[in-house]
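Worth saying up front: this structure is predicted, and the values here are computed from it rather than measured.
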Amino acid sequence: MARVFPQEPISSPYMSTERETFTVWMKSLVYQTNGLTVYNSNGEITYRVENYDKSSNEVHIMDLHGNILFTIRKKKIWLFGSWYVYRECGTFSSTEEVKPFLRIKRSSIRDGDWEVRDETNEVFWILRFDPKFSFQIININGDIIAHVKPKQSSNGITLGEDVLTLEVKPRVDHSLVVTLVTVYGLIKGVV
């Protein structure tokens with residue numbers, strides 16, 4: 001199993017031995033601007049992204065206390081872009097040589113899907129289901145790591161296009177999954 005989504009004993013606050021279900025609100029916690037806020041199954045805020053400048057090429061994934069966990073940077077390559085994820089590095093200048101932890105680019109296999117490579121060259125995919133914000137993250141074996149879909153009430157009513165359910169498999173680092181959800185939101189222009 002990959003280092004991105006380790007199967008080691010649970011000692012991280014970002015993993016559990018049980019399947020986790022989160023609610024993702026595609027709005028910033030502050031001023032209801034661009035960004036996202038992630039709530040755990042108890043209704044507590046666990047992650048947030050504040051994106052005050054939608055044209056910015058850098059976004060930070062933070063925990064509830066504002067500690068930066070990951071930084072996402074967009075790299076323009078000709079007409080297409082790639083997304084690089086850095087661990088806890090915060091803002092850095094463009095002259096610094098920092099190796100990205102993850103690289104996300106368009107998949108050459110199916111239009112609308114995205115390939116994710118970690119620093120060890122392990123491959124994962126973000127597989128799109130429909131034009132709405134619904135997708136799965138799968139590993140090289142085709143196992144579902146996480147699933148994102150519009151959140152529905154107990155009556156089956158969709159709660160809006162900006163409220164999502166995120167289900168994460170046991171022993172998977174959900175901070176990384178939230179980072180990939182954020183990248184997908186940036187790709188779709190909603191974060």
Minimum heavy-atom distance [X]-[Y], with the two atoms named:
| X | Y | result |
| --- | --- | --- |
| W125 | E115 | CD1-CA, 3.9 Å |
| F22 | N40 | CD2-CA, 3.7 Å |
| V177 | L166 | CG1-CD1, 3.7 Å |
| K75 | Y86 | CE-OH, 4.0 Å |
| M62 | L69 | C-CD1, 4.3 Å |
| S175 | F70 | OG-CE1, 3.5 Å |

Distance-only, no hydrogens or angles: does the [X] side chain make a donor-acceptor pair with backbone N or O of [Y] under 3.5 Å?
| X | Y | value |
| --- | --- | --- |
| T46 | V38 | yes |
| N155 | I157 | no |
| H147 | Q136 | no |
| D118 | T120 | yes |

Could you tell me if the side chain of [Y] sits less than 4.5 Å from the side chain of [X], heavy atoms only?
| X | Y | value |
| --- | --- | --- |
| K149 | F129 | no |
| L176 | F101 | yes |
| E18 | P170 | no |

Show your working on side chain to side chain contact (heavy atoms under 4.5 Å, CB included) between N139 and F124 and close with a plain yes or no.
CA-CA 5 Å; N139 66 14; F124 295 84; 3.4 Å; yes
Sequence neighbours excluded, the answer for salt bridge (Lys or Arg N to Asp or Glu O under 4.0 Å) partners of R48 is E50
Kindly write out the residues that satisfy salt bridge (Lys or Arg N to Asp or Glu O under 4.0 Å) with D63, not counting sequence neighbours, or none if the list is empty.
none
Return the [atom1] to [atom2] distance between [X] and [Y], rounded to the nearest 0.5 Å.
| X | Y | atom1 | atom2 | result |
| --- | --- | --- | --- | --- |
| R103 | E119 | CZ | CD | 10.0 Å |
| K188 | R128 | NZ | CZ | 6.0 Å |
| I126 | I187 | CD1 | CD1 | 6.0 Å |
| N67 | Y47 | CG | OH | 12.0 Å |
| F133 | L164 | CZ | CG | 6.0 Å |
| M15 | H174 | CE | NE2 | 8.5 Å |

Steps toward side chain to side chain contact (heavy atoms under 4.5 Å, CB included) verdict (V148, Y184)
CA-CA 11 Å; V148 177; Y184 194 76; over 6 Å; no
Counting only heavy atoms not in E161, do more than 12 fall under 6.0 Å of its CD?
no
With K151, which of T23, D162, T158 fulfils side-chain hydrogen bond (donor to acceptor under 3.5 Å, both in side chains)?
T23
Dump the intermediate steps for side chain to side chain contact (heavy atoms under 4.5 Å, CB included) on R73 and N57, then the final yes or no.
CA-CA 5 Å; R73 293 187 110 191; N57 286 331; 5.8 Å; no
Quick one: side chain to side chain contact (heavy atoms under 4.5 Å, CB included) partners of T37, sequence neighbours excluded?
W25, L29, Y39, I45
Of I61, T71, I104, the one forming a side chain to side chain contact (heavy atoms under 4.5 Å, CB included) with V85 is I104
